[in-house]
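Accompanying notes for the structure given below.
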Amino acid sequence: MASTANETSFFSDVCKNFDSAAKFTSHPEGLLAQIKACNSVYRFQFPIRRGNGFEVIDAWRVEHSHHMSPTKGGIRYSDMVNEDEVMALAALMTYKCAIVNVPFGGAKGGICINPKNYTVAELETITRRYTTELIKKNFIGPGIDVPAPDYGSGEREMSWIADTYMTMNPGSLDALGCVTGKPIALHGIRGRKEATGRGVAYAVRECVNHADDMKKLGLTAGLADKKIIVQGLGNVGYHTAKFITEFGGTIVGICEFEGAIYNANGLNVDEVFAHRKNTGSLLGFPGAKDFKNSKEGLEQACDILIPAALENQITAENIRNIKAKIIAEGANGPCTPEAEEIFTGMGGIIIPDMYCNAGGVTVSYFEWLKNLSHVAFGRMENRYAENSNANLINTLESLTGKTIPTEHRLMIVKGASELELVNSGLEDTMIHSYREIRQTLIDKPEVKTLRTAAFVNSIDKIAVSYMNLGVWP
Ligand code: GLU
């Protein structure tokens with residue numbers, strides 16, 4: 001099947017990856033074309049008042065697939081945003097949700113501004129007007145399309161969206177489910193902010209735990225002896241690095257737009273973060289080697305490279321210089337299809353974005369469920385579980401005449417908090433989905449990469465939904 005966009009675009013790269021996998025499925029051509037197509041592309045412009053005049057803001061919301069409702073995906077605030085990028089990111093959301101069994105179609109939004117150049121008041125005006133435009137066209141709602149944070153946006157923007165939607169839909173009980181990634185005070189969920197990075201760390205840990213696969217790469221199983229370079233110290237990169245360290249890996253390199261640092265003995269992520277905050281740059285971190293050219297940082301010795309910044313970072317130009325055996329895509333689209341082909345030829349493996357960074361939307365799904373059920377996870381049963389566990393321990397103690405040490409007692413009686421339930425749901429999702437993808441690689445030896453296997457699984461799941469919608473005979 002031919003791609004539907006021009007050959008050099010991000011959307012056409014996503015389509016290329018789709019096409020490579022579609023040939024290993026047995027679905028009719030027309031159905032594959034429908035799965036691949038962007039169902040609704042809404043481009044709009046609106047004015048804001050700035051200084052003594054006005055400025056026109058360009059914005060998009062793309063709903064890639066209506067095979068499930070609502071559609072779901074973040075809103076990117078960046079002056080690099082364009083229609084092709086939003087379409088590509090919306091398509092990736094569809095495949096991502098299917099891979100991790102989150103029952104949503106994919107969507108994405110974009111506002112073409114550099115948020116650093118606007119005051120908070122201006123950003124609020126832009127966000128509220130953007131939301132109003134979506135409401136006017138029925139492009140937002142708990143059962144329609146549910147935005148979330150993405151590059152350049154966060155909890156603050158999500159709370160403006162929620163407030164605008166609630167104001168325009170008075171009395172709507174489920175209104176808070178119109179957007180995720182909200183602050184806790186506005187019924188966001190604990191663990192959402194760090195979810196994408198935590199998910200990437202689970203994905204990497206699961207990948208390296210398969211001893212057979214590691215042997216083929218000449219690596220041992222487990223994170224303990226792994227050296228890792230992370231590109232990006234934003235929300236995703238920072239949390240990925242933090243949790244990978246917690247799971248036993250060693251961060252040896254960090255790259256940002258101003259340059260990169262490397263220390264083969266390991267970097268303390270929080271200290272690097274603080275250094276960057278204080279000095280305005282990664283460079284000059286004590287004990288680390290500096291690279292003024294950030295891309296050089298990606299090419300240093302390591303076992304795992306995690307691009308967690310933006311798309312198009314690893315291309316046919318630089319892939320041959322990459323020393324890592326595993327690339328884990330924390331960002332969306334950091335490796336081009338050409339780079340992946342070369343890297344696979346070099347014997348490396350890529351943990352694909354549509355699975356690797358799906359932790360964010362997974363926890364967004366939990367937040368949406370929380371909003372629809374109007375109660376926090378664990379609120380009804382936490383204390384009950386604690387009391388019955390305590391009764392059990394007390395009974396055991398009185399029957400045996402022995403006393404359980406306090407630290408053990410506390411561990412056993414404790415009920416699960418919302419954060420623990422969220423993290424456990426996320427961990428289970430990431431492990432289960434990785435095993436599903438890996439199983440496809442085993443079952444279909446003609447499928448060569450984790451990305452193609454992930455696409456095959458995704459396409460199969462979406463195809464079943466279309467069949468069940470009754471659209472196809
Ligand atoms: N923007 C994130 C992503 O690309 C999160 C989307 C969501 O939570 O809906 O996956």
Side-chain angles (χ1 to χ4, degrees), residues 10 14 60-65 68-78 81 85-111 134 139-155 157-158 161-162 176-183 188-200 202-203 232 234-237 239-240 307-311 328-334 351-371 422 425-426 429-430 433 454 458:
F10 185 10
V14 176
W60 290 265
R61 184 72 186 171
V62 172
E63 293 171 357
H64 172 260
S65 179
M68 292 244 180
S69 290
T71 48
K72 187 88 189 77
I75 305 173
R76 187 164 281 207
Y77 287 49
S78 155
V81 159
E85 183 188 40
V86 186
M87 284 169 69
L89 293 167
L92 279 174
M93 285 308 302
T94 295
Y95 308 128
K96 193 184 293 193
C97 290
I99 274 298
V100 289
N101 300 315
V102 164
F104 298 143
K108 202 75 165 201
I111 305 181
L134 295 185
F139 261 70
I140 184 171
I144 298 169
D145 187 356
V146 181
D150 198 81
Y151 186 82
S153 60
E155 287 183 351
E157 287 71 21
M158 301 308 116
I161 294 173
L176 276 170
C178 75
V179 65
T180 60
K182 301 179 293 292
I189 198 163
R190 286 177 177 78
R192 173 62 186 88
K193 200 169 176 183
E194 55 272 40
T196 311
R198 185 180 266 279
V200 175
Y202 286 139
N235 182 37
V236 181
H239 285 110
T240 299
L310 283 173
E311 60 262 24
E329 294 184 327
N332 289 308
I351 310 176
D353 48 8
M354 54 193 278
Y355 157 72
C356 193
N357 67 34
V361 76
T362 301
V363 176
S364 274
Y365 169 47
F366 302 155
E367 179 175 335
W368 180 76
L369 291 174
K370 171 179 176 174
N371 296 150
V422 163
L426 174 60
T429 301
M430 296 309 291
S433 301
S458 221

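Note that these values count all heavy atoms, side chains included, but never hydrogens, waters or copies made by symmetry. Both counts, for ligands and for their atoms, begin at 1 and track the order of listing.
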[Y] side chain reached by [X] side chain, heavy atoms, under 4.5 Å:
X: Val86; Y: Val81; value: yes
X: Arg61; Y: Ile140; value: no
X: Lys193; Y: Pro149; value: no
X: Thr180; Y: Lys72; value: yes
X: Asp145; Y: Leu134; value: no
X: Ser458; Y: Met354; value: yes

Can you sort out which atoms of ligand 1 are near [X], meaning under 4.0 Å from one of its heavy atoms?
X: Gly74; value: 1 (N), 6 (C)
X: Gly360; value: 8 (O)
X: Met93; value: 3 (C), 4 (O), 6 (C), 10 (O)
X: Gly73; value: 9 (O)

Determine whether the side chain, the backbone, both or neither of [X] has a heavy atom under 4.0 Å from any heavy atom of ligand 1.
X: Pro149; value: backbone
X: Met354; value: neither
X: Asn332; value: side chain

Any side-chain donor near an acceptor of the partner, Ser65 and Thr94, under 3.5 Å:
no
How close does the nearest protein non-hydrogen atom get to [atom], and which residue and atom is it?
atom: atom 5 (C) of ligand 1; answer: Arg192 NH2, 3.4 Å
atom: atom 3 (C) of ligand 1; answer: Lys96 NZ, 3.4 Å
atom: atom 8 (O) of ligand 1; answer: Ser364 OG, 2.6 Å
atom: atom 9 (O) of ligand 1; answer: Lys72 NZ, 2.8 Å
atom: atom 7 (C) of ligand 1; answer: Ala148 CB, 3.3 Å

From OG1 (Thr71) to CE (Met93), nearest 0.5 Å
10.0 Å
Assess Lys108 for proximity to ligand 1: is some non-hydrogen atom of it under 4.0 Å away?
yes
Is it the case that atom OH in Tyr151 sees more than 12 heavy atoms from other parts of the structure closer than 6.0 Å?
no
